[in-house]
K.L.:
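Got a structure here, written out as structure tokens. Questions coming.
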There are 2 protein chains.
Amino acid sequence: MKLEYSHKLIIDNVSRFIDLTELEKQKYISLLTEIKVKKKAFLMQAGDITRFEYFITKGCLKVYTLDVDGAPHISMFAVEDYWTGDMASFITKQPSRYFIKAIEDSELLGISRANYDLLFQEIPKFERFYRILYQKSLISYIRRSNYGISLTAEERYIEFKKKYPHIVNRITQKDLAGYIGITPEFMSKIISKVNRM
Amino acid sequence: MKLEYSHKLIIDNVSRFIDLTELEKQKYISLLTEIKVKKKAFLMQAGDITRFEYFITKGCLKVYTLDVDGAPHISMFAVEDYWTGDMASFITKQPSRYFIKAIEDSELLGISRANYDLLFQEIPKFERFYRILYQKSLISYIRRSNYGISLTAEERYIEFKKKYPHIVNRITQKDLAGYIGITPEFMSKIISKVNRM
DNA sequence: TAAAAGTCTTAAACTAGTTCATTTTTTTTC
DNA sequence: GAAAAAAAATGAACTAGTTTAAGACTTTTA
């Protein structure tokens, strides 16, 4: 079976943790929805009940909330081969507090809540896939949940550059500040300081 | 089948997400190890390769790292009916950066890495249990990973009291400071301020 | 391709949280 | 139940990061 690029990408991603037969691959792909979103457009907004979990096949997006003062707090940048969405809203069917906005023209594959549930009935192996995917995400979020309180802003910036070299030059300094958790002004100071070192 | 208290607790916990037959329950329990740890004793220390994932049946423990200056950063307090451990070390078999120390005399059920792997072969339903358990943990860690950078220390303290009323009076102010990410001195100030309000 | 909008830089005054030092209170230990 | 150890409170001097404001540079849009 010849797969188109985006389908090959997601099958390769899934195949890191579980083996699928040709029939299962086709079944899985049939449960996905193709989505395109132009630069600056929203994939979802706060107040929405999230209908999909997303896999990015092309582009770059930011996931963020607005605090009481209207300042954005970016929780992740999602690029090719990443999974994103708002799992809390997707699972609980409660309105989301997150915005997801495209930083570049982007293409995604979405799985709806109904198809996500169906997937486990049709191909129980996916319980294992998601068990391992969530386990790996959990390991990185557990680590990250301490960053904000145990590292200085400068240390967090250096960590980000080391961990995400493929992302750092696709985003603005302002958005990076929103991720690191500081003002754009202080971000500017840190970057010029670190570059001088 | 009459279960002893600690086994009943863990079976009830697992049964929130999956249904087990009597035979499966017995099989599962046979894979667990009972562990007791006295107040102030370590369940594990940085440098160890974590042998178990733990379920607490009695007591209270703190999970923490030491930063370069030797200051403790507490990542969780674990009480009855909680799961804890260092998943990164457990999965990758690399040395841990965490300490787990009992705050009260505690009793736990541990599953070894070998039995964890075996469990999925013997009772594949557990892929689903862990998929859902990790999914729920992930939802709360995703939320928490933004707390450090988007809330003030006072707001984090108020959140903690609201979310963990059953824990707040079992731990010292000093340990709470280590969790909130501030000095014990500033914690003291915040608490007296919040109580005055 | 010009104007508009957004991003980046710099600097001075400010605030949340730290550090260090001392005293009081509570808990642990023998 | 006394002595020792640990935790909590308080205060003064300090630092990381914010706020506000203004000008320079880049990107977007018509």
Side-chain angles (χ1 to χ4, degrees), chain A residues 38-41 60 62 64 66-74 77 99 101-105 146-161 167-197, chain B residues 38-41 59-60 62 64 66-74 77 101-105 146-161 167-197:
Chain A
K38 285 261 174 211
K39 184 170 176 170
K40 292 194 184 172
C60 182
K62 59 182 172 184
Y64 64 98
L66 297 178
D67 68 19
V68 282
D69 305 320
H73 294 274
I74 296 179
F77 298 103
F99 298 81
K101 193 174 187 176
I103 290 178
E104 304 169 2
D105 290 352
N146 289 308
Y147 274 20
I149 58 172
S150 66
L151 300 183
T152 63
E154 185 176 321
E155 290 167 330
R156 276 176 269 149
Y157 167 63
I158 290 167
E159 281 289 327
F160 185 88
K161 276 215 303 190
I167 294 183
V168 78
N169 42 12
R170 290 170 77 170
I171 61 177
T172 61
Q173 250 173 249
K174 194 186 172 199
D175 279 343
L176 183 51
Y179 179 90
I180 299 281
I182 55 175
T183 58
E185 292 87 347
F186 194 51
M187 187 81 254
S188 173
K189 270 184 215 173
I190 285 174
I191 289 175
S192 73
K193 184 186 166 201
V194 170
N195 289 344
R196 256 183 288 117
M197 294 197 308
Chain B
K38 285 263 174 211
K39 183 169 178 171
K40 292 193 183 174
C60 182
K62 58 181 173 184
Y64 65 97
L66 297 179
D67 68 19
V68 281
D69 305 319
H73 293 274
I74 295 179
F77 297 103
K101 192 174 188 177
I103 290 178
E104 303 169 0
D105 289 352
N146 290 308
Y147 275 20
I149 58 171
S150 65
L151 300 183
T152 63
E154 185 176 323
E155 290 166 331
R156 277 176 270 149
Y157 167 61
I158 291 166
E159 281 290 326
F160 185 88
K161 273 216 303 191
I167 294 183
V168 78
N169 42 12
R170 289 170 79 169
I171 61 178
T172 61
Q173 249 173 249
K174 193 186 172 201
D175 279 342
L176 183 50
Y179 179 90
I180 298 280
I182 55 175
T183 57
E185 292 88 343
F186 195 51
M187 188 80 254
S188 172
K189 275 180 207 172
I190 287 173
I191 289 175
S192 74
K193 185 188 165 200
V194 170
N195 289 344
R196 255 184 288 116
M197 292 197 307

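Chain letters run A, B, ... following the sequence lines, proteins first and then strands; every chain starts at 1.
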K.L.:
Need to verify one output field. Residue with the more 5' nearest nucleotide on DNA chain D, A:T152 or B:I171?
P.N.:
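Residue closer to the 5' terminus by nearest nucleotide: B:I171.
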K.L.:
So if I take every side-chain heavy atom of A:I182 and compare against D:dT18, C:dA11, C:dT18, which nucleotide ends up nearest?
P.N.:
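Of the candidates, D:dT18 comes closest.
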K.L.:
Indicate yes or no: at least one non-hydrogen side-chain atom of B:R156 is less than 4.5 angstrom from one of B:F160.
P.N.:
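No, too far: nothing below the 4.5 Å cut-off.
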K.L.:
So, is B:K39 close to the C:dT28 phosphate, meaning a side-chain N or O under 4.0 Å from OP1 or OP2?
P.N.:
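The answer is yes; a side-chain N or O of B:K39 sits under 4.0 Å from OP1 or OP2.
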K.L.:
Starting the side chain at C-beta, find the nucleotide from D:dT10, C:dC8, C:dG17 nearest to A:Q173.
P.N.:
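Shortest atom-to-atom distance from the side chain points to C:dC8.
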K.L.:
Of all the nucleotides listed (D:dT29, C:dA12, C:dT18), which has the minimum atom distance to the side chain of A:K40?
P.N.:
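Among D:dT29, C:dA12, C:dT18, the one nearest the side chain of A:K40 is D:dT29.
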K.L.:
Any side-chain N or O of B:T183 below 4.0 angstrom from OP1/OP2 of C:dT18?
P.N.:
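True: B:T183 side-chain N/O within range (under 4.0 Å) of C:dT18 OP1/OP2.
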K.L.:
C:dT18, D:dG17, D:dA8: which one has an atom nearest the side-chain heavy atoms of B:S188?
P.N.:
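So the nucleotide nearest the side chain must be D:dA8.
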K.L.:
Please say whether the positively charged group of A:K62, taken as NZ for Lys or CZ for Arg, lies over the ring of A:Y64, i.e. under 6.0 angstrom from the six-membered ring centre and within 45 degrees of the axis.
P.N.:
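Yes, A:K62 and A:Y64 form such a contact.
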K.L.:
How many whole angstroms separate atom CZ of B:F186 from atom C1' of C:dT19?
P.N.:
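Taking CZ of B:F186 and C1' of C:dT19, I get 13 Å after rounding.
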K.L.:
Establish, from distance only, whether the side-chain atoms of A:E185 and A:S188 form a donor-acceptor pair under 3.5 Å.
P.N.:
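A:E185 vs A:S188: no donor-acceptor pair found between side chains.
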K.L.:
Which listed nucleotide (D:dA8, D:dG11, C:dT10) is nearest to the side chain of B:E185?
P.N.:
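Closest of the options to the side chain of B:E185: D:dG11.
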K.L.:
Nearest to the side chain of A:K174, heavy atoms from C-beta on, is which of D:dA8, C:dC8, C:dA12?
P.N.:
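Nearest listed nucleotide: C:dC8.
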K.L.:
Are any non-hydrogen side-chain atoms of A:S150 and B:D67 less than 4.5 angstrom apart?
P.N.:
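With C-beta onward as the side chain, the pair stays apart.
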